[in-house]
Amino acid sequence: MEEYHRHCDEVGFNADEAHNIVKECVDGVLGGEDYNQNNINQWTASMVEQSLTHLVKLGKAYKYIVTCAVVQRSAYGFHTASSCFWDTTSDGTCTVRWENRTMNCIVNVFAIAIVL
Amino acid sequence: METEILHRPASQKEKQETPSLGANPRGPGLPLLPYRPGIPVSARRMAGSPQGPVLRAAAELASVTRESSLSVSTVSCVDEPSPRDAISRLTVRVENTYQLGPTKHFPVVTVSHILKDVLTSYLQEEKYEPEFCRQMTKTVSEVIKARVKELMISRYKLIVVTHIGQLKDQSLFIGSRCLWDPTSDTVSSYTFRNSSLFALANVYAIYSE
């Protein structure tokens with residue numbers, strides 16, 4: 001049986017590409033909007049789903065986890081941290097911070113390579 | 001298949017190719033030189049069967065070296081390097097386990113108890129302070145990761161995400177979507193609240209074959 005030897009994973013996860021994709025999605029959904037509790041559910045869902053769809057279109061053999069936190073812009077603090085146990089040569093992460101007048105948005109993308 | 005034993009000058013590097021059957025390596029028209037002890041010999045593999053003549057040639061070579069103490073022999077029975085060999089030399093080849101899925105599934109409930117434990121013990125009596133919470137987010141992430149690793153669930157990669165924020169009148173929304181194999185991958189989550197802060201911890205577990 002022929003072994004399929006992948007060469008793309010030797011480069012690892014391309015964080016810049018993911019960053020651009022996610023930023024476009026966030027701009028598209030939240031750009032020009034004000035924080036609105038009624039719509040926030042819908043916005044988050046559509047942002048995350050669009051990011052995921054675009055990441056999949058890259059055609060790479062990765063499993064993706066996309067996390068999104070949208071916080072109303074106020075004088076109150078918010079911290080996020082993540083800790084990962086994975087193969088650093090093939091897996092990677094990317095974080096996009098976006099803000100406007102009324103809200104802050106943090107999107108995390110985690111990509112874990114699928115070994116074929 | 002026959003092997004030819006030829007002699008070559010000692011300085012010439014031994015690199016074998018497989019000539020076509022019956023070809024005279026010295027060139028057309030020249031007679032093949034017989035084997036003479038004291039002169040470097042090499043064995044050449046004829047095109048065709050892979051292992052038989054090579055082993056025989058190696059055996060003959062071994063016997064040749066034993067007989068003549070003056071001759072310098074160079075082992076040169078090398079297969080043609082195939083692309084697969086090149087790859088296998090570079091990467092670690094692991095035996096096939098024939099395992100389609102995880103033998104032990106990720107224990108979501110156990111992990112959610114761990115999350116509850118860690119968050120409660122670290123944050124129960126704390127007040128929200130920017131510096132403290134910044135450090136605490138990182139610490140809590142690391143501690144949770146270490147505790148889940150101790151469970152020794154094999155072949156699972158872990159991602160721990162922690163959010164800590166001040167509990168006031170602001171509104172926030174946290175969501176996530178995952179593209180994975182739902183039969184083997186999973187997530188475990190816990191939210192902790194006290195009078196001045198809230199903490200959310202998610203553990204994503206991805207099965208890796």
Side-chain angles (χ1 to χ4, degrees), chain A residues 1-3 5-7 10 35-37 39-53 55-56 62-87 90-91 93 103-116, chain B residues 83-84 87-88 90-91 93-94 96 128-130 132-146 148-149 156-181 185 187 197-209:
Chain A
M1 185 168 75
E2 273 296 315
E3 281 176 31
H5 186 71
R6 276 175 318 147
H7 296 280
E10 288 158 12
Y35 189 90
N36 183 343
Q37 193 151 355
N39 296 342
I40 193 66
N41 194 351
Q42 206 181 320
W43 287 339
T44 329
S46 93
M47 256 195 304
V48 175
E49 275 160 26
Q50 274 182 35
S51 305
L52 209 46
T53 318
L55 287 167
V56 167
Y62 279 106
K63 290 182 179 176
Y64 294 103
I65 294 170
V66 183
T67 314
C68 171
V70 182
V71 188
Q72 196 176 13
R73 201 146 176 200
S74 54
Y76 309 120
F78 180 70
H79 303 270
T80 307
S82 72
S83 176
C84 308
F85 176 61
W86 59 25
D87 180 352
S90 60
D91 308 330
T93 178
M103 52 189 169
N104 279 324
C105 176
I106 299 173
V107 181
N108 274 319
V109 177
F110 300 97
I112 291 110
I114 299 173
V115 180
L116 293 168
Chain B
R84 187 181 298 217
I87 292 171
S88 66
L90 296 170
T91 62
R93 289 176 64 158
V94 187
N96 212 336
Y128 178 83
E129 269 153 39
F132 169 76
C133 283
R134 182 189 311 198
Q135 273 312 116
M136 198 43 72
T137 331
K138 293 188 241 178
T139 313
V140 164
S141 261
E142 291 292 326
V143 169
I144 291 174
K145 187 181 75 173
V148 178
K149 270 171 76 174
Y156 269 95
K157 291 183 177 174
L158 305 170
I159 296 171
V160 180
V161 187
T162 314
H163 309 267
I164 296 184
Q166 196 174 4
L167 200 60
K168 281 285 183 178
D169 296 326
Q170 91 277 36
S171 168
L172 86 157
F173 193 94
I174 300 175
S176 73
R177 291 282 187 284
C178 311
L179 181 77
W180 59 23
D181 179 358
D185 305 328
V187 62
L197 57 78
F198 70 91
L200 166 69
N202 285 329
V203 177
Y204 300 90
I206 315 292
Y207 181 70
S208 112
E209 302 189 336

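Each chain gets a letter, A, B and so on, in the order its sequence line appears, and its residues count up from 1.
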Euclidean distance, [Y] [atom2] relative to [X] [atom1], rounded to 0.5 Å:
{"X": "B:L172", "Y": "A:R73", "atom1": "CG", "atom2": "CZ", "result": "15.5 Å"}
{"X": "B:K138", "Y": "A:S83", "atom1": "NZ", "atom2": "OG", "result": "12.0 Å"}
{"X": "A:S82", "Y": "B:N202", "atom1": "OG", "atom2": "CG", "result": "11.0 Å"}
{"X": "A:W86", "Y": "B:K157", "atom1": "CH2", "atom2": "NZ", "result": "9.0 Å"}
{"X": "A:I65", "Y": "B:R177", "atom1": "CD1", "atom2": "CZ", "result": "13.5 Å"}

Side chain proximity check, A:F78 to B:I174, heavy atoms < 4.5 angstrom: yes

Heavy-atom donor-acceptor pair, A:K63 side chain to B:Y207 backbone, under 3.5 Å: yes

Looking at B:A201, B:S141, B:S208, which has the largest count of heavy-atom pairs under 4.5 Å with chain A? B:S141

Heavy-atom pairs under 4.5 Å with chain A are the metric here; pick the option from B:V160, B:V161, B:D185 that has the most. B:V160

Considering residues at least two apart in sequence or located in another chain, which fulfil the side-chain hydrogen bond (donor to acceptor under 3.5 Å, both in side chains) criterion with B:E129? none

Work out which heavy atom in B:Y128 is nearest to a heavy atom in A:H79; give both atom names and the distance. OH-NE2, 2.9 Å

Which one wins on heavy-atom pair count under 4.5 Å against chain B: A:N108, A:N41, A:V56? A:N41

Partner chain B: residue of A:V66, A:V71, A:I40 with the largest heavy-atom pair count (under 4.5 Å): A:V66

Could you check B:F173 against A:M103 for side chain to side chain contact (heavy atoms under 4.5 Å, CB included), going step by step and ending with a plain yes or no? CA-CA 11 Å; B:F173 193 94; A:M103 52 189 169; over 6 Å; no

With only heavy atoms counted, which part of [X] is less than 4.5 Å from chain A, the side chain, the backbone, both or neither?
{"X": "B:T162", "value": "both"}
{"X": "B:D181", "value": "both"}
{"X": "B:F198", "value": "side chain"}

Using the rule given for side chain to side chain contact (heavy atoms under 4.5 Å, CB included), can you reason through B:I159 versus A:I112, listing the C-alpha separation, both sets of side-chain angles and the distance that settles it, and then say yes or no? CA-CA 10 Å; B:I159 296 171; A:I112 291 110; 3.4 Å; yes

Given that the side chain runs from C-beta out, which part of A:D91 has a heavy atom under 4.5 Å from chain B: side chain, backbone, both or neither? side chain

Measure distances from A:V107 to the heavy atoms of chain B and classify the residue's part below 4.5 Å as side chain, backbone, both or neither. neither

Could you list the residues that satisfy ring pair (Phe, Tyr, Trp, His ring centres under 6.0 Å) with A:Y35, not counting sequence neighbours? none

Run the side chain to side chain contact (heavy atoms under 4.5 Å, CB included) check on A:F110 and B:I206 step by step: do they pass? CA-CA 11 Å; A:F110 300 97; B:I206 315 292; over 6 Å; no

